[in-house]
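Following: one structure in structure tokens, then a few remarks.
Throughout, residue positions are numbered sequentially from 1 according to the sequence presented. Note that ligands are numbered from 1 as they come in the structure, with each ligand's atoms numbered from 1 the same way. All heavy atoms count here, side chains included; hydrogens, waters and symmetry mates do not.
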Amino acid sequence: MEKILLGPMPYMSVMPTLLVGANVKGKPNYMTAAWATVACMAPPMVCVAINKMRYTAKGIEENKTFSLNVPSVNQVVETDHCGLVSGAHEDKSLVFRSFFGKLKTAPLAEECPVNIECTLFTSVDCGSHLLTIGKIVEIHADPSCLTEGKPDIEKINPIIYAHAAYFDVGNQVDTAFSAGKKYRKQ
Ligand SMILES: Cc1cc2nc3c(=O)[nH]c(=O)nc-3n(C[C@H](O)[C@H](O)[C@H](O)COP(=O)(O)O)c2cc1C
């Protein structure tokens with residue numbers, strides 16, 4: 001089958017919906033981000049592509065710390081709001097209740113079931129966006145979202161982002177690092 005060429009664009013099949021927390025001029029600010037993933041296992045790192053124009057970018061530059069907060073579907077309205085409005089124009093410090101963990105300058109959103117505290121490892125200037133890589137110093141999780149001490153995807157109920165729409169997590173189709181064992185050469 002011949003494929004249709006869609007041209008280069010920042011495409012990824014599905015993405016997480018997160019809130020990047022940063023103190024800007026001493027005040028918490030939250031920015032919605034979908035262009036984020038794990039960057040390294042040892043030491044544990046995450047990364048997020050942040051447009052240079054974002055108010056959040058100023059706070060990360062200022063403090064060299066930030067957080068990634070995982071909202072659940074219950075926070076979809078507040079989450080989208082943080083992606084529509086810039087802290088440069090409107091105070092977003094009260095959209096979520098903020099608390100601080102080990103880092104005193106990376107605000108964490110209490111309503112989000114999981115909060116990842118990071119120090120800035122490095123930031124790669126890719127053009128419009130800074131690929132902001134953070135070293136994880138701590139992960140805070142609501143006890144109600146854990147099963148046997150581990151974050152439980154069904155309890156967290158995170159927001160999936162794809163094609164300018166929000167989704168919840170669908171059904172499990174198989175088991176990772178195991179399904180492939182059923183593979184047989186044709
Ligand atoms: C679903 C969604 C995902 C977004 N993902 C990103 C992203 O990954 N990187 C980015 O720079 N902006 C992203 N944005 C846009 C910012 O969230 C938006 O410009 C926000 O107002 C910036 O806030 P700030 O200026 O207070 O930092 C996203 C917006 C939405 C609604």
Of N51, N23, N29, T32, which is the lone residue that meets side-chain hydrogen bond (donor to acceptor under 3.5 Å, both in side chains) with T56? N29

Any idea how H140 and F99 line up, ring-wise: parallel (<30°), tilted (30 to 60°), or perpendicular (>60°)? perpendicular

Could you check whether any side-chain heavy atom of I60 comes within less than 4.5 Å of a side-chain heavy atom of I50, counting everything from C-beta outward? yes

Close side-chain approach of P10 to W35, heavy-atom, < 4.5 Å: yes

Inventory of protein N or O atoms under 3.5 Å from ligand 1 N or O:
from	atom 1	to	atom 2	distance (Å)
ligand 1	5 (N)	A34	N	3.1
ligand 1	8 (O)	A34	N	3.2
ligand 1	8 (O)	W35	N	3.0
ligand 1	9 (N)	A49	O	2.8
ligand 1	11 (O)	N51	N	2.8
ligand 1	11 (O)	R54	NE	2.9
ligand 1	12 (N)	R54	NE	3.0
ligand 1	12 (N)	R54	NH2	3.2
ligand 1	14 (N)	T32	O	3.4
ligand 1	17 (O)	T32	O	2.8
ligand 1	19 (O)	R54	NE	3.3
ligand 1	19 (O)	R54	NH1	3.3
ligand 1	21 (O)	V85	O	2.9
ligand 1	23 (O)	K92	NZ	3.1
ligand 1	25 (O)	Y55	N	3.0
ligand 1	25 (O)	S86	OG	2.6
ligand 1	26 (O)	N29	ND2	3.0
ligand 1	26 (O)	G87	N	2.7
ligand 1	26 (O)	K92	NZ	2.9
ligand 1	27 (O)	Y55	N	3.3
ligand 1	27 (O)	T56	N	2.9
ligand 1	27 (O)	T56	OG1	2.5

Under a side-chain separation threshold of 4.5 Å, the hydrophobic residues clustered together with L5 are none

Check R97 with E111, please: is the shortest side-chain N to carboxylate O separation under 4.0 Å? yes

